[in-house]
**Student:** 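This structure is in structure tokens; I'll ask about it shortly.
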2 protein chains.
Amino acid sequence: MPVSASSDGSVWLRHERPPRDRQLSRDQIVGAAVPVLDAEGHRGLSMRRIASDLGVTAGSLYWYVRTKDDVLELALDRVLGEVRADPDEPNWRRGLAGLARSTRAMLLRHRWALRELTIRPNLGPNAFTLAETGLRLLSRAGFAGADLDAAMATVHDQVVGAVIAEVAWHDTLTRMRESGVEWSEHATTAYLRDVAERHPLLARRMAAGRKIEVERDSERRFEFALTCLLEGLAATRHTVTGADPTANADRLLTPDPRRPLTADAG
Amino acid sequence: MPVSASSDGSVWLRHERPPRDRQLSRDQIVGAAVPVLDAEGHRGLSMRRIASDLGVTAGSLYWYVRTKDDVLELALDRVLGEVRADPDEPNWRRGLAGLARSTRAMLLRHRWALRELTIRPNLGPNAFTLAETGLRLLSRAGFAGADLDAAMATVHDQVVGAVIAEVAWHDTLTRMRESGVEWSEHATTAYLRDVAERHPLLARRMAAGRKIEVERDSERRFEFALTCLLEGLAATRHTVTGADPTANADRLLTPDPRRPLTADAG
DNA sequence: ACCTGAACACCGTTCAAGT
DNA sequence: ACCTGAACACCGTTCAAGT
């Protein structure tokens, strides 16, 4: 049976072998993989493809890398290196907004990276550098302790979540255009009319947005979320505390007392 | 060549054939797929597996469904039906928080659904119902027009982003435990010591969090983000306007004038 | 030490042929 | 109309054998 469960531990913990007779290196492998991913996505990338682009056989890649997953993990960190952010920006909001926008731009250039970014924690050097930058800006904003982590995670998750949705829509529209399907198709309109009847607010929004604009609205939406999030961070930074996070939550919400469903392993 | 690009249009736009001699239905197919997905994830699900669980041949599934992707799209909507939310909750914050928490709980029960939820826009009936609920709560909060959409998207993206990160961590820890790898392994500590030297804030956080607790912190983090987001929404609902979204952004940030990188198709 | 070439054990999807 | 069974064109990964 093919053991494709990704390796125990991360590539970053396994050193590249010291050279001798090599024709290859991890760097070259990543260098071959990234353009293929950019052009054809995950579907276009196979070990055989990387190998043939490098003039070798698929099997030989396994001398440098343990699984295909390793290749993707390395490729992710390479493109994370393209993100620009200034850890010393005195205005923390501006700094975080810059980090967020630069991350979004990178993810739109390398859509495949989204999957890698979300499938496992990220232990590459560039990932760490970006995390440090974010933490620096947020600690300047007044966050510390557990709240610092939580604030960082919140910003990161918002960016990732937003770009995921954006890319999903964009890809779908592209695919529909390519296959000649139109929103105005009979089945579609019939289905949507049905939906509209049951869901008035949804119907109003569907009527308002001309379909093509969906694409253009993405950036506006991203900025909205960013504004909202930074405003929220600014508002809560002194009220939410790492020591007793529920105190503030109670003020606003009634937290669900249910235990987290994942805690079945402890 | 195997055409695996997902179908033009969505399953929801193609009606199930009228019955005659059937042994199967879309419902049964989904009913077979979901438990497999829950137990073994995407890796465990194959068309052959579904078929054999139903006592038929793989090929016959294609009479009801056009691709494996169709099956997953249907399965997603089924589990979306498990999300509970009250559109008439008078306190919009409480209502949205409830929706968010119920969504998170569902996604933790059906981890595979995260991928489906993020890979394409969602056109199933349960997805629409949930969207309508969210819109209702947010319109009660004072949002309208384009801002209503943006606010809805912001909440959705935050939930999705947060749960993605949570699941990624959880899976990684589980995998490491299963394969007997420990955080205290030589290579690991050496690598992390190296990282710590270069990244002081990261180092401080790594020292603070005992590794096992990472898992338990997820819920706290989720609540933090939720609090922060609702606070941000409350603060911006009257200042950000659909008509001129940049006006408010300017007050806080300097938006990047760069065009969205996706607009290459218009 | 590094790479080849062939093999293994899978996939999703298609399609003639049966009933 | 619906299902079977076999085939097609792929995968990632392994591993003896070569150099």
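Labels below follow one simple rule: chain letters A, B, ... track the order of the sequence lines, proteins then strands, and each chain is numbered from 1.
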**Student:** For B:Leu61 and D:dG5, give me the distance from atom CG to atom C1', rounded to whole Å.
**Tutor:** 14 Å

**Student:** Rounding to a whole Å, what distance do you find between A:Gln23:CD and C:dA1:C1'?
**Tutor:** 12 Å

**Student:** Enumerate, atom names and distances included, each donor-acceptor pair closer than 3.5 Å involving a side-chain atom of residues 29-36 of chain B, sequence neighbours excluded.
**Tutor:**
none

**Student:** Detail all sub-3.5 Å separations between protein N/O atoms and N/O atoms belonging to nucleotides 6-8 of chain C.
**Tutor:**
unit_1, atom_1, unit_2, atom_2, d
C:dA7, N6, A:Arg48, NH2, 3.4

**Student:** Check the distance between C:dC2's P and A:Gln28's CD and give it to me in whole angstrom.
**Tutor:** 13 Å

**Student:** Closest nucleotide of DNA chain D for B:Ala58 versus for A:Ser60: which of these residues is on the 5' side?
**Tutor:** B:Ala58

**Student:** Answer yes or no: does a side-chain N or O of B:Trp63 lie under 4.0 Å from OP1 or OP2 of D:dC3?
**Tutor:** no

**Student:** Nearest whole Å is fine: how far is C:dG12 P from B:Arg66 CZ?
**Tutor:** 18 Å

**Student:** Compare the minimum distances between each of C:dT13, C:dG12, D:dG12 and the side chain of A:Met47, then state the nucleotide with the smallest one.
**Tutor:** D:dG12

**Student:** Atom CD1 of A:Ile29 and atom C1' of C:dC2: how far apart are they, to the nearest Å?
**Tutor:** 12 Å

**Student:** Look at the side-chain N and O atoms of B:Tyr64 and state whether any lies under 4.0 Å from the OP1 or OP2 oxygen of D:dC3.
**Tutor:** yes

**Student:** Please list, chain by chain and in numerical order, all residues satisfying side-chain contact (heavy atoms from CB on, under 4.5 Å) with B:Asp149, sequence neighbours excluded.
**Tutor:** A:Arg205, A:Arg221, B:Leu135

**Student:** Can you measure A:Arg43 atom CZ to D:dG12 atom P for me and round it to whole angstrom units?
**Tutor:** 13 Å

**Student:** Establish, with yes or no, whether the OP1 or OP2 oxygen of D:dC15 is under 4.0 angstrom from a side-chain nitrogen or oxygen of A:Tyr62.
**Tutor:** no

**Student:** I need the minimum non-hydrogen distance between A:Ala168 and B:Pro121, along with the two atoms involved.
**Tutor:** O-CD, 3.8 Å

**Student:** Report the stems of DNA chain C as range-with-range entries sorted by first number; a stem here is at least three consecutive pairs, Watson-Crick or G-U wobble, both distances under 3.5 Å, and write none if there are none.
**Tutor:** C:4-8 with D:12-16, C:12-16 with D:4-8

**Student:** Check side chain to side chain donor-acceptor pair (under 3.5 Å) between B:Arg198 and all other residues, then give those that pass, not counting sequence neighbours.
**Tutor:** B:Asp194

**Student:** Please identify each residue that fulfils side-chain contact (heavy atoms from CB on, under 4.5 Å) with A:Ser60, with sequence neighbours left out.
**Tutor:** A:Leu24, A:Val56

**Student:** What residue pairs, at least two apart or across chains, pass side chain to side chain donor-acceptor pair (under 3.5 Å) with a residue in residues 76-85 of chain A?
**Tutor:** A:Asp77-A:Asn126, A:Glu82-A:Arg109, A:Glu82-A:His110

**Student:** Rounded to whole angstrom units, what separation is found between the NZ atom of A:Lys68 and the P atom of C:dC11?
**Tutor:** 16 Å

**Student:** Got a sec, which residues hit side-chain contact (heavy atoms from CB on, under 4.5 Å) with B:His156, two or more places apart in sequence or on another chain?
**Tutor:** B:Leu117, B:Val160

**Student:** If you measure from CD on A:Glu116 to CG on A:Leu37, what distance do you get to the nearest 0.5 Å?
**Tutor:** 8.0 Å

**Student:** With sequence neighbours excluded, tell me which residues meet side-chain contact (heavy atoms from CB on, under 4.5 Å) with A:Thr133.
**Tutor:** A:Ala85, A:Pro87, A:Leu137

**Student:** Grab the CG-C1' distance between A:Leu24 and C:dT4 for me, whole Å please.
**Tutor:** 13 Å

